[in-house]
Amino acid sequence: ASVSVFYIALKKKSALSKLFKAKGNEKAADFLNKDFDDVKNKMAAARVAMDLISRHKIDEGAAFYLLSDSLKDCLDVVFNRKMDSEMALL
């Protein structure tokens, strides 16, 4: 799951979308294909991030914070909730 953070950080969102589609997760694939320069889509990604974190899906939540251009929140989640300083430094 932490691979999602790396794909998004490397600006490989379309490749990640294809991976989700190949695994049968059309909903995630379709969401990743949205234009995240649009404020509404950024806000939606932040909401999804909060929802994932509340369900203890920390890696996925961090990835969606990156989609929403909220690097601070992503690092906070990775460092403080996951206690993964190595991942936070990447």
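Residues: numbered from 1 along the sequence shown.
- Put simply, F64 and M43 are part of two different groups of oily side chains (I, L, V, M, F, W, Y) that touch within less than 4.5 Å, one to the next.
- Between L32 and L67, the closest side-chain pair of non-hydrogen atoms falls below 4.5 Å.
- The closest side-chain heavy-atom distance from S4 to D59 is not below 4.5 Å.
- Residue pairs that meet the salt bridge (charged side-chain N to carboxylate O under 4.0 Å, His left out) test with at least one member in residues 6-30, sequence neighbours left out, do not exist here.
- Nearest heavy-atom pair across V5 and A63 is CG2-N, 3.7 Å.
- The stretch residues 32-58 participates, sequence neighbours left out, in these salt bridge (charged side-chain N to carboxylate O under 4.0 Å, His left out) pairs: K42-D69, D51-R55.
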| said: Show, in sequence, the C-alpha distance, side-chain angles and deciding distance for L75 and Y65, and conclude whether the side chain to side chain contact (heavy atoms under 4.5 Å, CB included) test is met. | reply: CA-CA 9 Å; L75 292 175; Y65 270 135; over 6 Å; no
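- The ring of F31 has its center closer than 6.0 angstrom to the ring center of F36.
- The two atoms that bring G61 and A49 nearest to each other are O-CB, 3.3 Å, heavy atoms only.
- For the atom pair F20 CZ and N33 CG, the distance stands at 11.5 Å (nearest 0.5 Å).
- Note: the hydrophobic cluster containing L71 also contains Y7 (ILVMFWY, side chain heavy atoms under 4.5 Å, direct or indirect links).
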